[in-house]
Amino acid sequence: MGINTDLLHKHQLHAPLFGDYKPVAKAHISPIYQTSTYILDDFDSAVYLNQHVDKGFVYSRFGSPNCDELEKKIASLEHAEAGLALASGLGAISTAVMSVIKSGDHVVFGDVIYGCTYTLFTHILTHMGVEYTRVDTTKVEEVEKAIKPNTTLVYVETPANPTLKISDIQAIADCVHSHKGITLIVDSTFASPYLQNPIDLGADMVVHSATKYLNGHGTVTAGVIAGPKERIDKCRMPYLQCFGAVLDPFAAWLLMQGMKTLGIRMERHCSNAMKIAQWLEKHPKIEHVYYPGLPSHPTYEIAKKQMHNGFGGMMSADIKGGEDAVRTVMNNVKVFSLATSLGNVDSLIQHSPSMSHFDMTPEERHAASIFDGQVRLSIGIEDVEDLIADLDQALALI
Ligand SMILES: *Cc1c(COP(=O)(O)O)cnc(C)c1O
């Protein structure tokens, strides 16, 4: 049966309409390639590209120009050979983790890590025959002690959510690599590449929730992985392709815009946070402040050695009076927004025990210094005096 070309034209079903179209406008900002698929030149290149998806664009789950641009930027910022863009921080974490573990393996990770990462290790991977040991990763000797013959992954989050504990990446990398076949993955979300570069310190892969500082404006959910090309290629194929945590072109484009101001945003986050931490530490209604830039922080010395340009915009504080006091403060702040997430230009406040870390048992939380009266502050880039005045008036209502 012949093809009725009239009908095809009428319904605009013929694909190659724009196949030969070459953009002539030299856009300063990259265009958004809002397309799911790409026209391939001929049969032979279609065969080749389908088998070598890193050599060109075939289908947006395999890669897109906007993600490609973002991946090159992340690799450069993290001093890594290659980068990979994903649909969320957890997409990046689960993809990176799955690329290095198999049934029967053992994983070592920190006692204070992001809530859903903890759930991934304790509630999902355990069903697949992966066992784990939680340790205080700020003590490298505890990491060493936990390593077993079947350990294949050591996973470290630093600074750690929400108590801002700092683990010594270089010391852990030396320990991990004195054993054979163990990968070190570092979640560096709280630092951003502006304050810390785990690959330089010996990590095998670094992951970020790009939803946070990399985007900076709270407009996308995204994640990235950076590392050696061979490892990133494996994360892309088959793991990202088969699990499908693909970042869409528009989100990748938004991230590229956000990252242009990463440096100046981080400088302001750091200077605002330092002033607020010092102020809170002296406040009579505050029991304790957790900020790695304060000499009172237990891992201040590691932070000073490992982080550059500042200590970040994140802190937690124990308010005297427990959960009732927290309720008063959170219900009465006006400049801070009551919201989870972090790393935005706008300041946010959350209650870690009931929000990001509700999945831990109270015993596990208390052992990790996540107390019932604890708030986590993501300090934005507003005028610092406005932020201090806001906290002051809310604390006065307790
Ligand atoms: C937010 C966050 C994640 C998860 O990232 P999503 O983009 O929300 O998936 C992982 N690790 C840390 C440290 C985070 O703050």
Side-chain angles (χ1 to χ4, degrees), residues 110-113 135-143 156-172 186-198 200-201 213 263 265-320 325-326 329 336 342-343 347-350 352 365-371 373-382 384-385 387-392 395:
D111 55 355
V112 183
I113 61 169
V135 299
D136 180 355
T137 53
T138 64
K139 301 193 172 77
V140 65
E141 60 279 9
E142 289 210 14
V143 176
V156 173
E157 183 179 310
T158 184
N161 185 30
T163 55
L164 286 301
K165 284 205 299 193
I166 310 292
S167 297
D168 188 332
I169 299 169
Q170 183 133 40
I172 295 174
V186 174
D187 182 338
S188 192
T189 298
F190 273 39
S192 90
Y194 191 73
L195 304 181
Q196 171 175 293
N197 298 111
D200 290 346
L201 302 169
Y213 288 107
R265 281 189 284 110
M266 291 315 296
E267 281 171 19
R268 184 65 168 259
H269 284 300
C270 290
S271 67
N272 277 2
M274 182 61 95
K275 283 181 196 146
I276 291 171
Q278 288 167 343
W279 175 81
L280 275 178
E281 202 170 39
K282 292 195 213 99
H283 199 285
K285 301 235 169 103
I286 298 294
E287 188 97 49
H288 190 71
V289 180
Y290 306 79
Y291 184 65
L294 293 177
S296 61
H297 194 275
T299 53
Y300 170 67
E301 291 301 329
I302 308 173
K304 235 178 20 177
K305 174 180 84 157
Q306 174 162 288
M307 300 174 78
H308 37 77
N309 301 323
F311 299 94
M314 295 302 299
M315 71 186 67
S316 288
D318 294 329
I319 303 178
K320 287 181 189 166
V326 166
V329 170
F336 280 80
L342 60 112
S347 293
L348 309 175
I349 184 169
Q350 75 146 33
S352 304
R365 274 201 299 269
H366 296 163
S369 300
I370 306 169
F371 300 114
Q374 194 173 96
V375 290
R376 191 187 73 184
L377 303 175
S378 172
I379 305 299
I381 65 167
E382 303 94 332
V384 70
E385 296 307 326
L387 295 174
I388 288 176
D390 191 33
L391 291 173
D392 202 29
L395 285 165

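These values consider heavy atoms only, across backbone and side chains, with no hydrogens, waters or symmetry-generated copies.
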Worked check of side chain to side chain contact (heavy atoms under 4.5 Å, CB included) between V329 and I349 | CA-CA 9 Å; V329 170; I349 184 169; 4.1 Å; yes

Which distance, rounded to the nearest 0.5 Å, do you find between the [atom1] of [X] and the [atom2] of [Y]?
X	Y	atom1	atom2	answer
S316	Q374	OG	CD	4.5 Å
S192	M307	OG	CE	8.0 Å
I319	I286	CD1	CD1	5.0 Å
N161	M314	CG	CE	6.5 Å
S167	L201	OG	CG	12.0 Å
H283	D392	NE2	CG	4.5 Å

Looking at side-chain heavy atoms only, is the closest gap between [X] and [Y] below 4.5 Å?
X	Y	answer
I379	C270	no
M315	L294	no
P159	Q196	yes
P162	I370	yes
L387	L377	no
L395	L280	yes
N309	M266	no
T138	I166	no

Could you give me the CA-CA distance, side-chain angles and deciding distance for Q278 and Y291, then say whether side chain to side chain contact (heavy atoms under 4.5 Å, CB included) is met?
-> CA-CA 9 Å; Q278 288 167 343; Y291 184 65; over 6 Å; no

Could you walk me through whether D187 and I113 pass the side chain to side chain contact (heavy atoms under 4.5 Å, CB included) check?
-> CA-CA 9 Å; D187 182 338; I113 61 169; over 6 Å; no

Evaluation steps, side chain to side chain contact (heavy atoms under 4.5 Å, CB included), between I381 and H269 = CA-CA 6 Å; I381 65 167; H269 284 300; 3.7 Å; yes

Grab the two heavy atoms, one from [X] and one from [Y], that are nearest each other, plus how far apart they are.
X	Y	value
Y290	A317	CD1-N, 4.2 Å
D136	K165	OD1-NZ, 3.1 Å
G313	A273	CA-CB, 3.8 Å
G110	T137	CA-CG2, 3.6 Å
Q170	Q306	N-OE1, 4.3 Å
G380	N272	O-ND2, 3.0 Å

